[in-house]
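Worksheet: the structure to be examined is printed underneath.
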Amino acid sequence: MQYDRTDARILEIVQKNNRLTSEVIGELAGLSATACQRRLKRLRSEGIIEADVSIVAAKAVGRPIQMLVLVTLERERSDIIDKFKKAIKSSAEVVNGFYVTGDADFVLYITARDMEEYEQFTRRFFYENADIKGFKTMVVMDRVKAGFAIPVEIPDGD
């Protein structure tokens with residue numbers, strides 16, 4: 001997956017606002033709209049742009065309770081890890097999931113309507129899974145920053 005200085009500029013632009021037209025992005029990056037569209041298509045097909053998403057305010061859609069949950073598995077076997085990754089991907093309550101190093105095996109970002117709903121989720125998702133050794137919940141008091149923007153390195157030699 002290679003990209004050049006112009007691609008880097010496009011990536012910076014679309015990370016701030018992916019609703020801009022190809023004409024506007026092209027103008028900001030010094031390209032025609034057609035050239036910009038070609039580059040965006042290539043960046044998407046090569047997986048450099050993974051998705052085009054909107055960040056939704058959890059509270060605005062009735063999910064004001066947000067938690068970060070540290071999950072520790074009983075054993076670190078590839079089949080158990082893969083099974084838990086699949087469970088994360090299929091759960092609507094789990095907004096983000098990370099397989100990590102350190103004291104926990106996974107960190108999950110979870111939303112809920114209220115604590116009662118979260119308790120029901122924990123019973124279903126954690127307590128009924130024999131592969132989970134334990135979990136620790138941290139309730140988010142204030143989301144200070146929300147986004148997915150990655151600092152884009154400008155390639156050398158361009």
Side-chain angles (χ1 to χ4, degrees), residues 1-73 76-113 117-118 121 125 131 135-158:
M1 290 190 281
Q2 298 259 326
Y3 65 93
D4 62 18
R5 180 178 297 274
T6 303
D7 291 334
R9 179 69 182 128
I10 291 170
L11 292 170
E12 288 173 342
I13 294 164
V14 297
Q15 284 191 102
K16 289 180 185 150
N17 184 351
N18 72 352
R19 294 182 66 197
L20 297 174
T21 64
S22 296
E23 290 80 15
V24 173
I25 298 167
E27 187 177 309
L28 293 169
L31 295 170
S32 70
T34 305
C36 181
Q37 286 173 341
R38 272 197 307 270
R39 284 178 178 259
L40 282 167
K41 184 177 180 181
R42 182 181 52 78
L43 291 167
R44 288 181 178 110
S45 69
E46 290 181 4
I48 295 172
I49 295 177
E50 291 183 23
D52 294 289
V53 299
S54 295
I55 298 171
V56 175
K59 189 174 184 178
V61 294
R63 301 191 66 79
I65 307 296
Q66 300 168 76
M67 286 79 51
L68 293 174
V69 182
L70 307 175
V71 181
T72 307
L73 300 178
E76 285 200 50
R77 284 192 348 228
S78 61
D79 60 326
I80 293 172
I81 291 167
D82 291 343
K83 186 173 137 189
F84 191 64
K85 285 180 180 180
K86 189 175 181 181
I88 290 169
K89 290 176 183 176
S90 66
S91 171
E93 294 90 349
V94 180
V95 179
N96 284 299
F98 304 93
Y99 179 41
V100 298
T101 62
D103 294 337
D105 297 311
F106 288 86
V107 176
L108 308 179
Y109 169 55
I110 298 172
T111 65
R113 284 190 278 276
E117 181 182 83
Y118 178 63
F121 170 80
F125 197 79
D131 294 324
F135 66 97
K136 293 181 182 177
T137 302
M138 297 177 286
V139 177
V140 174
M141 295 176 60
D142 183 23
R143 184 174 78 179
V144 178
K145 182 178 181 181
F148 291 99
I150 304 292
V152 180
E153 298 292 323
I154 297 173
D156 292 332
D158 284 328

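Quantities reported herein were computed from a predicted structural model and do not represent experimental measurements.
Applying the salt bridge (Lys or Arg N to Asp or Glu O under 4.0 Å) definition to pairs two or more places apart or across chains, none involves residues 96-109. Applying the salt bridge (Lys or Arg N to Asp or Glu O under 4.0 Å) rule to pairs touching residues 27-36 yields nothing, sequence neighbours excluded. Residues in residues 10-19 take part in these salt bridge (Lys or Arg N to Asp or Glu O under 4.0 Å) pairs, two or more places apart or across chains: Arg9-Glu12.
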Atom pairs and distances, side-chain donor-acceptor, residues 57-73, under 3.5 Å, sequence neighbours left out:
{"residue": "Arg63", "atom": "NE", "partner": "Thr111", "partner atom": "OG1", "Å": "2.8"}
{"residue": "Arg63", "atom": "NH1", "partner": "Glu117", "partner atom": "OE1", "Å": "3.3"}
{"residue": "Arg63", "atom": "NH2", "partner": "Thr111", "partner atom": "O", "Å": "2.6"}
{"residue": "Arg63", "atom": "NH2", "partner": "Glu117", "partner atom": "OE1", "Å": "3.2"}
{"residue": "Gln66", "atom": "OE1", "partner": "Tyr109", "partner atom": "OH", "Å": "2.3"}

Check: residues 135-142 side-chain donor-acceptor pairs under 3.5 Å, at least two apart:
{"residue": "Thr137", "atom": "OG1", "partner": "Tyr118", "partner atom": "OH", "Å": "2.6"}

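Ser91 pairs by the side chain to side chain donor-acceptor pair (under 3.5 Å) definition with Glu93, not counting sequence neighbours. Annotation: ring-ring contact (aromatic ring centres under 6.0 Å, His included) contacts of Tyr99 (sequence neighbours excluded): Phe106. Under the side chain to side chain donor-acceptor pair (under 3.5 Å) criterion, Arg38 pairs with no residue, sequence neighbours left out. Every residue two or more places apart in sequence or in another chain that forms a side chain to side chain contact (heavy atoms under 4.5 Å, CB included) with Ile55 is listed here: Arg143, Ala146, Phe148. Remark: Asp52 engages Arg44 in a side chain to side chain donor-acceptor pair (under 3.5 Å) (not counting sequence neighbours). Residues passing the salt bridge (charged side-chain N to carboxylate O under 4.0 Å, His left out) test with Lys41, sequence neighbours excluded: none. Remark: Ala33 engages Ser22, Glu23 in a side chain to side chain contact (heavy atoms under 4.5 Å, CB included) (not counting sequence neighbours).
Considering CZ of Phe98 and CD1 of Ile88, their distance stands at 10.0 Å, rounded to 0.5 Å. With values rounded to the nearest 0.5 angstrom, Leu31 atom CG is found 11.0 Å from Gln37 atom CD. Separation of atoms CG (Leu20) and CD1 (Ile25) is listed at 5.0 Å; rounding is to 0.5 Å.
Side chains of Val152 and Tyr3 form a contact here, defined as non-hydrogen atoms less than 4.5 Å apart. Between Asp7 and Ile48 there is no side-chain heavy-atom pair separated by less than 4.5 Å.
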Please test Asn17 against Val24 for side-chain contact (heavy atoms from CB on, under 4.5 Å), starting from the C-alpha separation and ending with a verdict. CA-CA 11 Å; Asn17 184 351; Val24 173; over 6 Å; no
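Closest approach of Ala29 and Ile10 over heavy atoms only: CB-CG1, 3.9 Å.
For Asp82 (side chain) and Asp79 (main-chain N/O), no donor-acceptor pair under 3.5 Å exists by modelled atom type.
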